[in-house]
**Student:** 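My structure is below; once you've seen it, I'll send some questions.
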Amino acid sequence: MYIALSVEYGRDDQLIFAQQLGVEHVLVSIEDWDETSLNRVKNRVEKSALQLAGLEGLALGDVDAASAALRAAGAVGIGLVVAAPAAIDDRGPRGRGAALVGSVGVAAVAAAAIAPVVAMANEAGVQLALAADIEGAGVDLDLATMGSAAIADYGERLALVRAGNATAGREAFLNEGETDVPGALMALKKAGFNGPIRAVAPPGMVGDTEWGHKGRAYDLGYLKAVLQTIESL
């Protein structure tokens, strides 16, 4: 398993940020899903001497558009596509040290409605990661909402793990909250998980940027330290 930083396409500063923090893999959030745009994403990441772990932010509301996006991803050789997560729109200064946090939750996914999308992903040779248990699709496991107990249940279907934490249904820093993050990462190692681990959007910290440079640096440092400790055991 390895850490992947979530970045936005077109933001070279975020790719440089990944380089500076020693993160070799990135998950790129994009809006345009045609083959030309996806090739540009691949080329930009490769020119930055980073590895593209996958794409994220695929909207599932339009089945035809989502299917076309997956077809394009398969055509250009991108193996992992992550569906857009549930949006957080109620952030306020309710976290540790008045950090900005919001509610945690999982977007509802109707298996029947997206069955054609899942079928297209398999046909295109792309692993579609969903924050739900849908036959034929990979699982996007958020530790803050689904916990580590599900690791053994999903097994090889785990496509991506989001390292997050929560307290009483609200976002929390990785080293607090109800999820034992080091224990969960140890469980993933024992289960043989070899996919990407990425931190969710961090709590809003004082003096941070809108993207959350300080919070992301904190999360990545924490995750790297935990993983190094686990690998040394």
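Side-chain atoms are counted along with the backbone in the values below, which use heavy atoms only and exclude waters and symmetry mates.
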**Student:** Starting from the C-alpha separation in whole Å, work towards a yes-or-no answer on side chain to side chain contact (heavy atoms under 4.5 Å, CB included) for Glu24 and Tyr2.
**Tutor:** CA-CA 9 Å; Glu24 298 178 352; Tyr2 55 89; over 6 Å; no
**Student:** Starting at CD1 of Ile30, measure out to CG of Leu55 and round the result to the nearest 0.5 Å.
**Tutor:** 4.5 Å
**Student:** Short question: side chain of Asp32, backbone of Asp34 - any donor-acceptor pair under 3.5 Å?
**Tutor:**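 Judged by distance alone, no pair lies under 3.5 Å.
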**Student:** Any side-chain heavy-atom pair from Gln51 and Val45 closer than 4.5 angstrom?
**Tutor:** no
**Student:** If only side-chain N and O atoms count, and only distance matters, is there a donor-acceptor pair under 3.5 Å linking Ser67 with Arg71?
**Tutor:**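 No, because no side-chain N or O of Arg71 sits under 3.5 Å from a partner of the opposite role on Ser67.
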**Student:** State plainly whether one hydrophobic cluster holds both Leu185 and Ile151, where clusters connect Ile, Leu, Val, Met, Phe, Trp and Tyr through side-chain heavy atoms under 4.5 angstrom apart.
**Tutor:** yes
**Student:** Any heavy-atom pair between the side chains of Glu46 and Leu52 that's under 4.5 Å?
**Tutor:**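 When only atoms from C-beta onward are counted, Glu46 and Leu52 do not touch, as no gap falls below 4.5 Å.
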**Student:** Say you draw a straight line from CG of Leu227 to CD1 of Ile3; how long is it, rounded to the nearest 0.5 Å?
**Tutor:**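 Going from the CG atom of Leu227 to the CD1 atom of Ile3 covers 5.0 Å.
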**Student:** When you measure from the side chain of Ser37 to the backbone N and O of Trp33, does any donor-acceptor pair fall under 3.5 Å?
**Tutor:**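 Flag not set: sc Ser37 to bb Trp33 has no pair under 3.5 Å.
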**Student:** Which value, rounded to the nearest 0.5 Å, describes the distance between Leu38 atom CG and Ile78 atom CD1?
**Tutor:**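 Atom-to-atom, Leu38:CG and Ile78:CD1 are 4.5 Å apart.
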**Student:** Counting distance only, does the side-chain N/O of Arg216 pair as donor-acceptor with the main-chain N or O of Trp211 below 3.5 Å?
**Tutor:**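 Present.
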**Student:** For Arg44, is the CZ atom crowded, meaning more than 12 foreign heavy atoms sit under 6.0 Å from it?
**Tutor:**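 Correct, the count exceeds 12.
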**Student:** If hydrophobic clusters are built from ILVMFWY residues whose side chains come within less than 4.5 Å, do Val63 and Leu128 share one?
**Tutor:**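 Yes, same cluster.
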**Student:** Check whether any side-chain N or O of Lys214 sits under 3.5 Å from a backbone N or O of Val206 as a donor-acceptor pair, and report yes or no.
**Tutor:** yes
**Student:** Out of curiosity, Glu123 CD to Met120 CE, how far, rounded to the nearest 0.5 Å?
**Tutor:** 4.5 Å
**Student:** Should the heavy atoms of other residues, nucleotides or ligands under 6.0 Å from CD of Glu178 be counted, would the total exceed 12?
**Tutor:**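 Counting other residues, nucleotides and ligands, CD of Glu178 exceeds 12 neighbours.
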**Student:** Between the main-chain N or O of Tyr222 and the side-chain N or O of Asn175, is there a donor-acceptor pair closer than 3.5 Å?
**Tutor:**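 Flag not set: sc Asn175 to bb Tyr222 has no pair under 3.5 Å.
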**Student:** Any idea which heavy atoms bring Asp90 and Ser103 closest together, and the distance?
**Tutor:**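 Smallest heavy-atom distance, with atoms named: OD2-OG, 2.6 Å.
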**Student:** Decide whether Leu160 and Val41 are clustered together by the hydrophobic rule: side chain heavy atoms of Ile, Leu, Val, Met, Phe, Trp, Tyr closer than 4.5 Å, transitively.
**Tutor:** no
**Student:** Tell me if the centroids of the rings in Phe173 and Tyr218 come within less than 6.0 Å of each other.
**Tutor:**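 Centroid separation for Phe173 and Tyr218: below 6.0 Å.
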**Student:** Please round to the nearest 0.5 Å and tell me the distance separating atom CG of Leu188 and atom CD1 of Ile197.
**Tutor:**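 With rounding to 0.5 Å, CG (Leu188) is 5.5 Å from CD1 (Ile197).
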**Student:** Using every non-hydrogen atom in the two residues, find where Leu80 and Pro196 come nearest and quote the distance to one decimal.
**Tutor:** CD2-CG, 4.0 Å
**Student:** Is there a side-chain contact between Leu220 and Val23 in this structure, where contact means two heavy atoms from C-beta onward sitting under 4.5 Å apart?
**Tutor:**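 A side-chain contact under 4.5 Å exists here.
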**Student:** When hydrophobic residues are tied together by side-chain contacts of less than 4.5 Å, even through go-betweens, does Val139 share a cluster with Val82?
**Tutor:** no
**Student:** Determine whether a donor-acceptor pair (N or O, by modelled atom type, separation under 3.5 Å) exists between the side chain of Asn43 and the backbone of Asn39.
**Tutor:** yes
**Student:** Does Asn165 reach the main-chain N or O of Glu176 with its side chain, forming a donor-acceptor pair under 3.5 Å?
**Tutor:** yes
**Student:** If I compare all heavy atoms of Thr179 with all of Ala144, which pair ends up nearest, and what's the gap?
**Tutor:**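 Of all heavy-atom pairs spanning Thr179 and Ala144, the closest is OG1-CA, 4.1 Å.
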**Student:** Heavy-atom distance under 4.5 Å between the side chains of Arg40 and Tyr9, does that happen here?
**Tutor:**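 Sidechains of Tyr9 and Arg40: in contact.
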**Student:** Do Phe193 and Leu27 sit in the same hydrophobic cluster, where Ile, Leu, Val, Met, Phe, Trp and Tyr count as joined when their side-chain heavy atoms come under 4.5 Å apart?
**Tutor:**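 Different hydrophobic clusters.
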**Student:** Can you name the closest pair of heavy atoms from Val101 and Arg94 and give their distance?
**Tutor:** O-NH2, 3.6 Å
**Student:** Do Met1 and Leu158 make a side-chain contact, defined as non-hydrogen atoms from C-beta onward lying under 4.5 Å apart?
**Tutor:**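 No, side chains not in contact.
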**Student:** Which heavy-atom pair separates Ala201 from Glu171 by the least distance, and what is that distance?
**Tutor:** O-OE2, 4.1 Å
**Student:** Determine the minimum heavy-atom distance between Leu58 and Ala66, stating which atoms define it.
**Tutor:**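 Of all heavy-atom pairs spanning Leu58 and Ala66, the closest is CD1-CA, 4.1 Å.
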**Student:** Roughly how far apart are Gln228 CD and Leu233 CG, rounded to 0.5 Å?
**Tutor:** 12.0 Å
**Student:** Which of these, Asp140, Asp219, Asp142, sits in a salt bridge (Lys or Arg N to Asp or Glu O under 4.0 Å) with Arg162?
**Tutor:**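 Filter result, single survivor: Asp140.
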